[in-house]
Amino acid sequence: MWEGTGGTPRSPSCGCPPGGRYDRCGAISRRRPDDAATAGAENRARVGGGLIPPARAAHRGGRGAASGNALPVFPRDVRVRGTAVPLAGVRETVICSAMADEDVPYPVSVVFSLRREQTAPLLRTMRSQHVLPALSYTWGSEQAYVALLHEAGTPLAVLDVPSPRWKEGLEQRVRVLSRISSVMVLVPDHTESADLLLAGATNVVPRDTPAKELGSRIAAERRWLDMRPPPRRSATNPLDYGLLRPQQCSQQVLFDILCSAERPWCCHDLCLILGTAEEPMRRRALQARIARLEERLMPYGVSIDCTTQWGRTTYRGFVDEAGRR
């Protein structure tokens, strides 16, 4: 293809003009010796400088790549329905789509599980319906309680009961959870729903309901709650609230629960909602937490209004030195 010592180019036998890596007919054109040396030096600089690992260059480019005379050719675009789309644009589209999915509000605020590893398959099945969050919380999660207590509208919590093992005491769990949020209960087969509805559940649905039907029922529950007036919030002054609210998360939950109390809280109910799925909080632990909270509020002239009778302590919220709530 090259003639003479001066390197005068001659057209290939196929008639395609030389230039670039490939001729129009698909035949590989050769370079001049000086061009090949220059390209090899550039390639070796790129490989040695860390832009392309030598091992990868040798693997992707064969013997020529290992010697520095050739580099792997990476695609800069993909074809979508016959149209070339730059990879950078595809990457940005995927990232924006994922961020948009995270910003979509779900009808359900929080999913509580009495056994998270058994609730995970249900969440994966319901992912296509876009009604349940991707993660669940264990019973007693402080982060979940704070999210429900600070919900702008009417919160909706789903309580998943994975097995009949958790039927005992389920009515009490529904009763205390319904004090801070509307509760929809997912129960195993052959579970009596009347007692749960009397305890305060807004709906009781078998957890093996088909995904599409369960998603429709959750969406219908959300629409029904949106038609109702929002729950009455505490009348605490926002400035006083920010000043009195503790910094520790466990104390914040207790403070928020007592602030939002529309009726007195029994010590047994507080032990149940602040405990774990396995057992409620001990009364001594609750009393110690109450004592620490009172020490935090004492410099501001605020105390916890509580009464003790027949071995049961009832908490009515906060009062100041003048006895005002």
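What you see is a predicted model, and the numbers here were worked out from it, not measured in a lab. Only this structure's heavy atoms are used, side chains among them; waters, hydrogens and symmetry mates stay out.
Partners of R165 under the side-chain contact (heavy atoms from CB on, under 4.5 Å) rule, at least two apart in sequence or in another chain, are R115, S163, E278. For E142, the side-chain contact (heavy atoms from CB on, under 4.5 Å) test picks out C249, S250, V253, with sequence neighbours left out.
Summarising the local packing, CZ of R282 is surrounded by 12 or fewer heavy atoms from other residues, nucleotides or ligands at distances under 6.0 Å. E117 CD: more than 12 foreign heavy atoms inside a 6.0 Å radius.
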### Worked verdict on R283 versus T313 for side-chain contact (heavy atoms from CB on, under 4.5 Å)
CA-CA 10 Å; R283 289 191 60 184; T313 304; 3.8 Å; yes
### Task
Starting from the C-alpha separation in whole Å, work towards a yes-or-no answer on side-chain contact (heavy atoms from CB on, under 4.5 Å) for L214 and L186.
CA-CA 10 Å; L214 180 57; L186 305 182; 3.9 Å; yes
### Task
Give the intermediate values and the outcome of side-chain contact (heavy atoms from CB on, under 4.5 Å) for residues V319 and S303.
CA-CA 6 Å; V319 293; S303 61; 3.5 Å; yes
### Query
Given T154 and R228, is the side-chain contact (heavy atoms from CB on, under 4.5 Å) satisfied, shown in steps?
CA-CA 8 Å; T154 303; R228 302 172 56 188; 5.6 Å; no
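Looking at every heavy atom in both residues, A199 comes nearest to S178 through O-OG, 3.8 Å. Of all non-hydrogen atoms in P188 and P164, the two that sit nearest each other are CG-N, 3.8 Å. Nearest heavy atom pair, residue L258 against residue Y315, reads CD2-CB, 3.9 Å. Closest non-hydrogen pair, V111 versus L135, comes out as CB-O, 4.4 Å. Of all heavy-atom pairs spanning G215 and V131, the tightest one is O-CG1, 3.8 Å. Looking at every heavy atom in both residues, P162 comes nearest to Q118 through CB-OE1, 2.9 Å.
Using a 4.5 Å cut-off between side-chain heavy atoms of Ile, Leu, Val, Met, Phe, Trp and Tyr, with links allowed through other members, L244 and W265 fall into the same hydrophobic cluster. The cluster map of Ile, Leu, Val, Met, Phe, Trp and Tyr, joined by side-chain heavy atoms under 4.5 Å apart, puts L156 and V183 in different clusters. Residues V146 and L272 share a single hydrophobic cluster, defined by chaining ILVMFWY side chains whose heavy atoms lie under 4.5 Å apart. Under the 4.5 Å side-chain heavy-atom criterion for ILVMFWY residues, a single connected hydrophobic cluster contains both L114 and V187. Taking hydrophobic clusters as Ile, Leu, Val, Met, Phe, Trp and Tyr residues chained together by side-chain heavy-atom distances below 4.5 Å, V185 does not share a cluster with M126.
A distance of 9.5 Å separates CZ of R296 from CD of Q251, quoted to the nearest 0.5 Å. From L274, atom CG reaches atom CH2 of W139 across 10.0 Å, with rounding to the nearest 0.5 Å. Between atom NE2 of residue H268 and atom CD of residue Q172 there is a gap of 12.0 Å, rounded to the nearest 0.5 Å. To the nearest 0.5 Å, the span separating CD1 on I257 from CG on L149 amounts to 6.0 Å. Between the CG atom in L293 and the CD atom in Q252 there is a gap of 11.0 Å [rounded to 0.5 Å]. To the nearest 0.5 angstrom, R316 atom CZ is 14.5 Å from F318 atom CZ.
Not a single donor-acceptor pair under 3.5 Å links the side chain of R207 to the backbone N or O of T119. Side chain of R116 to main chain of S136: a donor-acceptor pair is present (N/O by atom type, distance under 3.5 Å, no hydrogens or angles). Between the side chain of T138 and the backbone N or O of S141 there is no donor-acceptor pair closer than 3.5 Å.
For the pair V110/P155, no side-chain contact is recorded, criterion being any heavy-atom separation below 4.5 Å from C-beta on. Between I273 and R179 the shortest side-chain heavy-atom distance does not fall below 4.5 Å. T191 has its side chain out of reach of V161: every pair of non-hydrogen atoms, C-beta onward, lies at least 4.5 Å apart. Using a 4.5 Å heavy-atom threshold, the side chains of V205 and E213 count as separate. Side-chain contact between N203 and R217 is present, with at least one heavy-atom pair separated by less than 4.5 Å. Counting heavy atoms from C-beta outward, W166 and L159 have side chains that stay 4.5 Å or more apart.
Results of the side chain to side chain contact (heavy atoms under 4.5 Å, CB included) test with Y145 over D256, I180, L254 single out I180 as the only residue that passes.
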